[in-house]
Amino acid sequence: MTLKFHNTLTNQVDEFASQNNGKVTIYTCGPTVYDYPHIGNWASYIYWDVLIRILMANDYEVNRVINITDVGHLTSDADEGEDKLEKGAKREGKTAWEIAAFYTEDFMNGMRSLGMIMPQHIAKATDYIPQQLDMIRKLKNKGFTYRISDGIYFETSKFTRYADFAHLKLGSQMAGARVEFNPEKHNNSDFALWKFTPTGEKRDMEWATPADLLDNNSRSDLERSKITEESVPKGEQIVMGFPGWHIECSAIIMALLGETIDIHTGGIDHIPVHHTNEIAQSEAINNVRLSNYWLHSNHLKINGSKISKSLGNGYRLDDLAKKGFSPLDYRMFILQGHYRNEGNFTFEGLQSAKNRLHNWRNIAALRHQIHDTIQSDNARNTNNKTISPYATSRAIIEAIDDDLGTPEALRIIDEAFSSISNARITNINQQALINLLDTIDSTLGLQLIGSTPDISDDLKRIIIERNHARAQKDWSKSDKLRDQLLSAGIIIRDTNSEVIWEYKD
RNA sequence: GGCGCGUUGACGGAACGGUUACGUGGAGCUCUGCAAAAGCUUAUAAAUGGGUUCGACUCCCAUACGUGCCUCCA
């Protein structure tokens with residue numbers, strides 16, 4: 001059983017090996033908290049949640065960071081335009097801090113509703129301003145930065161591997177002329193590490209720029225300045241500013257996980273700009289690889305066209321809820337596809353996933369209807385051909401081990417469930433079923449056990465009464481009791497030998 | 001202009017050079033007190049045209065259509 005992931009670094013499926021035996025450090029680029037996430041955003045977090053779960057299933061101790069971008073993400077990655085947070089604040093008549101707090105909370109609620117495992121660290125960019133400034137200082141001292149009128153920039157031409165990660169062709173790339181050219185930048189691919197607040201403006205989020213970062217000469221004396229306003233020499237104007245988008249990830253990784261991490265995840269759109277820049281910043285300073293494995297999820301389309309916040313066509317979890325679909329229905333929908341394939345969202349597809357999940361829940365509910373004793377379980381184990389829980393659990397984990405093969409895992413589960421549902425209930429080993437459900441829940445996070453409570457004693461009594469009525473061929477009483485159960489949300493199936501209840505919804 | 005991806009049955013969606021994916025939905029049959037469920041059966045599946053091969057949905061080339069990145073966006 002080996003874990004394998006497609007690694008953007010090598011462009012192939014690599015066997016996974018962590019730096020420290022049994023431990024994994026992992027960083028996921030998190031949301032920019034200026035608006036509600038759409039379902040495409042959630043798709044990738046669902047896949048990364050499965051990644052965490054399969055690492056845990058392989059007995060790794062996971063140390064994971066998700067960052068919250070609450071400052072500095074401009075409306076354009078080319079370092080033009082407005083800060084998204086400040087823009088959101090204007091839109092809603094709040095401060096940028098209020099906007100960040102509100103949407104951060106919303107994000108966390110979404111994580112919970114989708115059944116995600118919470119990361120060990122949720123790191124807000126604004127909590128790591130000193131660390132970001134410190135990185136900029138290090139870059140400056142190594143000669144990777146320059147200052148122009150609106151900020152401090154990273155000089156990409158000095159990082160010779162810059163184009164390698166994304167296989168960029170920097171020369172021909174800009175031929176489309178869609179990009180605004182900042183004439184002060186040395187290279188088009190150069191990006192802002194620190195932006196200055198424009199003169200006369202007051203931002204909700206801004207910090208004093210340390211004086212030593214402002215001069216154009218590199219200083220080797222790191223101790224010379226502290227990140228306080230006092231560091232600005234008397235008589236000089238304090239220049240306020242804020243971090244560029246990319247530096248936060250490098251700084252947070254360094255602060256919480258170290259110079260080299262095991263796995264870095266994000267969407268494919270991050271490859272050419274954000275992750276390329278992260279690598280440049282971090283590796284320019286540390287001279288070691290930033291991450292050994294880079295996993296990127298493909299995008300989800302909606303009805304065949306791309307989702308874009310700027311186009312405003314993205315459904316949110318709320319929109320699905322209004323049409324009667326739960327977050328876990330959506331989770332099932334996403335797990336049906338592979339994270340590296342482009343998905344296409346339709347409500348038909350979501351309905352199909354919802355039905356599948358519902359059927360799975362009714363299999364899970366069978367565990368309440370089996371009354372095994374330990375002895376009888378042991379007796380059954382010897383000739384129980386209906387379910388081999390150990391083999392099935394193993395097969396599920398192996399499927400996911402292989403580059404997060406969730407569609408294959410679902411197929412295996414369907415096979416196992418279909419043999420369970422074909423079996424007579426007395427032939428199902430209760431503990432085996434529970435173990436299997438547990439494997440499914442722990443690897444796929446579908447909460448089969450949590451979402452399938454036993455029915456009440458009252459309902460059980462009605463079922464028994466109905467069984468008596470049927471035995472006496474009192475069909476009218478039997479049917480009446482069946483209707484009663486139905487109105488309580490319970491469907492009754494009479495098989496040849498037994499009576500099984502299922503959830504209606 | 002540069003770089004890339006996709007095209008599988010009603011819908012979603014996998015694997016694999018030679019075997020029924022699987023799920024959801026439709027139709028028919030069996031079973032059944034009725035129903036439900038289940039089982040079985042079923043619908044011209046691989047965009048098109050070439051090539052490689054004993055054999056291709058699976059590899060190669062071309063064409064068509066769609067789509068992504070090179071602004072924002074997972």
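Just the heavy atoms: all of them, side chains too, but no hydrogens, waters or symmetry mates, feed the values below. Chain A is the first sequence line, chain B the second, and so forth, proteins listed ahead of strands; every chain is numbered from 1.
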Handout entry: Selected nucleotide, minimal atom distance to A:N41 side chain, candidates B:rA14, B:rA38, B:rA74
Key = B:rA74
Handout entry: From B:rG23, B:rG33, B:rA74, nucleotide with atom closest to A:S44 side chain
Key = B:rA74
Practice task
Give one of base, sugar-phosphate or nothing for A:K354, where a contact means two heavy atoms less than 4.0 Å apart.
Solution key: nothing
Exercise for the section: Fit a plane to each ring of A:W245 and A:H274, take the angle between them on a 0 to 90° scale, and name the class: parallel (under 30°), tilted (30 to 60°) or perpendicular (over 60°). Expected result: parallel
Practice task
Would you classify A:S478 as touching base, sugar-phosphate or nothing, given that sugar-phosphate means primed atoms plus P, OP1 and OP2, and contacts are heavy atoms under 4.0 Å?
Solution key: base
Problem - B:rA47: pairing nucleotide in any strand, Watson-Crick or G-U under 3.5 angstrom - result: B:rU63
Handout entry: Separation of atom CE in A:M332 from atom P in B:rG13, rounded to whole Å
Key = 14 Å
Problem - Separation between the C1' atoms of B:rU7 and B:rA46, rounded to whole Å - result: 10 Å
Problem - Basic-acidic side-chain contact under 4.0 Å: A:R470, A:E498 - result: no
Practice task
Taking only Lys NZ, Arg NE, NH1 and NH2, and the carboxylate oxygens of Asp or Glu, determine whether A:R461 and A:D458 approach each other closer than 4.0 Å.
Solution key: yes
Exercise for the section: Tell me which of A:A166 and A:E342 sits closer to the 5' end of RNA chain B, going by the nucleotide each one is nearest to. Expected result: A:A166
Exercise for the section: Can you tell me the pairing partner of B:rC69 across any strand shown, Watson-Crick or G-U wobble, with both distances under 3.5 angstrom? Expected result: B:rG2
Exercise for the section: Check whether the side chain of A:N344 and the base of B:rG12 form a donor-acceptor pair under 3.5 Å. Expected result: no
Exercise for the section: Look at the rings of A:H264 and A:W294 and say which category their plane angle falls in: under 30° parallel, 30 to 60° tilted, over 60° perpendicular. Expected result: parallel
Problem - Whole angstrom value for the distance that separates C1' of B:rG23 from CD of A:E348 - result: 14 Å
Practice task
For B:rA27, give its Watson-Crick or G-U wobble partner with both distances under 3.5 Å, or none.
Solution key: B:rU41
Practice task
Return yes if the base of B:rA15 and the side-chain atoms of A:R411 contain a donor-acceptor N/O pair under 3.5 Å, otherwise no.
Solution key: no
Exercise for the section: Would you classify A:L410 as touching base, sugar-phosphate or nothing, given that sugar-phosphate means primed atoms plus P, OP1 and OP2, and contacts are heavy atoms under 4.0 Å? Expected result: nothing
Practice task
Select one nucleotide: of B:rC69, B:rG33, B:rG13, the one nearest the side-chain heavy atoms of A:P407.
Solution key: B:rG13
Practice task
Would you mind classifying the nucleic acid contact of A:R316 as base, sugar-phosphate or nothing, using non-hydrogen atoms under 4.0 angstrom?
Solution key: nothing
Handout entry: Any A:N341 side-chain N or O less than 4.0 Å from OP1/OP2 of B:rC5
Key = no
Handout entry: B:rU24 phosphate, OP1 or OP2, under 4.0 Å from A:N359 side-chain N/O
Key = yes
Practice task
Identify which nucleotide among B:rG13, B:rG33, B:rA37 has an atom closest to any side-chain atom of A:R493, counting heavy atoms from C-beta outward.
Solution key: B:rA37
Problem - Integer angstrom distance from the P of B:rU58 to that of B:rG18 - result: 11 Å
Handout entry: Closest nucleotide among B:rC22, B:rG12, B:rA38 to the A:F333 side chain
Key = B:rG12
Handout entry: A:Y162 and A:F191 aromatic ring geometry - parallel, tilted or perpendicular at 30°/60° bounds
Key = parallel
Practice task
Determine, for A:D49 against A:R53, whether the closest basic-nitrogen to carboxylate-oxygen distance falls under 4.0 angstrom.
Solution key: yes
Problem - Between B:rU48 and B:rG6 - C1' atom distance, rounded Å - result: 15 Å
Exercise for the section: Select from A:H338 and A:Q351 the residue whose nearest nucleotide in RNA chain B is closer to the 5' end of that strand. Expected result: A:H338
Problem - For B:rU58, the Watson-Crick or wobble partner whose two distances fall under 3.5 Å - result: none
Exercise for the section: Could you give the distance separating B:rC57 and B:rA21 at their P atoms, to the nearest angstrom? Expected result: 13 Å
Handout entry: Strand partner of B:rU53, provided both Watson-Crick or wobble distances fall under 3.5 Å
Key = none
Exercise for the section: Check every strand shown and say whether A:G266 touches a base, only sugar-phosphate, or nothing at a heavy-atom separation below 4.0 Å. Expected result: sugar-phosphate
Problem - Test: A:K195 and A:D150 ion pair at under 4.0 Å - result: yes
Completion exercise
With the side chain defined as heavy atoms from C-beta on, A:N355 is closest, among B:rU24, B:rA74, B:rG33, to B:rU24
Practice task
Have a look at A:I492 and say if it touches a base, only the backbone sugar-phosphate, or nothing, with a 4.0 Å heavy-atom cut-off.
Solution key: base
Completion exercise
Checking N1-N3 plus N6-O4 or O6-N4 for Watson-Crick, or N1-O2 and O6-N3 for wobble, each under 3.5 Å, the partner of B:rU19 is none
Practice task
Check if the side chain of A:S352 and the base of B:rG13 share a donor-acceptor pair of N or O atoms closer than 3.5 Å.
Solution key: no
Handout entry: Base of B:rC34 paired with side chain of A:R482 (donor-acceptor, under 3.5 Å)
Key = yes
Problem - Distance between C1' atoms of B:rU8 and B:rA14 (Å, rounded) - result: 10 Å
